[in-house]
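Working notes for the structure below.
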Amino acid sequence: MSYSPTRDLTDGEKLDLILNQLAGMETRLTALESQVANGPCPPLDQVIRETVQARDALNERMDKLEGRLNKIEQEVRLFGRKMEIFNEELLELLRGHREVEDRLSDIERNRR
């Protein structure tokens with residue numbers, strides 16, 4: 001058989017023990033209910049506030065970075081267009097150079 005701590009108590013003493021334990025639980029429950037009624041605990045409010053501030057700061061930084069990235073993309077496109085123009089002009093110069101070389105070769109052949 002197992003040992004029961006209330007084995008030696010009278011029925012009245014057992015009832016008093018139960019009522020005292022219920023009163024203690026009632027006190028604890030009332031304290032918890034008042035905490036819940038007062039809203040979330042201050043540390044949670046602080047965490048939420050700091051999280052919102054961090055999110056806002058990150059959004060601001062992302063907006064700035066996006067603006068800078070857009071400017072860089074525009075500059076890269078402009079540079080690409082300038083390179084295309086440069087290549088076209090270079091090819092035109094090479095064609096002109098070949099024509100001059102061909103004419104010079106023709107002149108030199110005719111002189112001999």
Pairwise distance [atom1]([X]) to [atom2]([Y]) - rounded to 0.5 angstrom:
X: Met25; Y: Thr30; atom1: CE; atom2: OG1; result: 11.5 Å
X: Lys82; Y: Asn87; atom1: NZ; atom2: CG; result: 14.5 Å
X: Glu26; Y: Glu33; atom1: CD; atom2: CD; result: 7.5 Å
X: Leu90; Y: Ile85; atom1: CG; atom2: CD1; result: 13.5 Å
X: Glu73; Y: Asn70; atom1: CD; atom2: CG; result: 5.5 Å
X: Ile107; Y: Asp102; atom1: CD1; atom2: CG; result: 11.0 Å

Practice task
Output yes when a side-chain donor or acceptor of Glu13 lies under 3.5 Å from a complementary backbone atom of Thr10, and no otherwise.
Solution key: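 Side chain of Glu13 to backbone of Thr10: a pair is present.
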Exercise for the section: Might you work through the salt bridge (charged side-chain N to carboxylate O under 4.0 Å, His left out) test for Arg111 and Glu108, ending with a clear yes or no? Expected result: CA-CA 5 Å; Arg111 284 179 85 190; Glu108 285 175 345; over 6 Å; no
Between [X] and [Y], is there a side-chain N and carboxylate O pair less than 4.0 Å apart?
X: Arg98; Y: Glu101; result: no
X: Glu75; Y: Lys71; result: no
X: Glu92; Y: Arg95; result: yes

Problem - CZ (Arg103) with more than 12 external heavy atoms under 6.0 Å - result: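 No, the 6.0 Å shell around CZ holds no more than 12 heavy atoms from other groups.
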Handout entry: Contacts of type salt bridge (Lys or Arg N to Asp or Glu O under 4.0 Å), residue Arg55, not counting sequence neighbours
Key =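 By the salt bridge (Lys or Arg N to Asp or Glu O under 4.0 Å) rule, Arg55 matches no residue at all.
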Practice task
Run the numbers on Ile18 and Leu22 for side chain to side chain contact (heavy atoms under 4.5 Å, CB included), then give the verdict.
Solution key: CA-CA 6 Å; Ile18 292 170; Leu22 283 174; 4.2 Å; yes
Practice task
Would you mind reporting whether Leu19 and Leu15 have side-chain heavy atoms less than 4.5 Å apart?
Solution key: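 Yes, side chains in contact.
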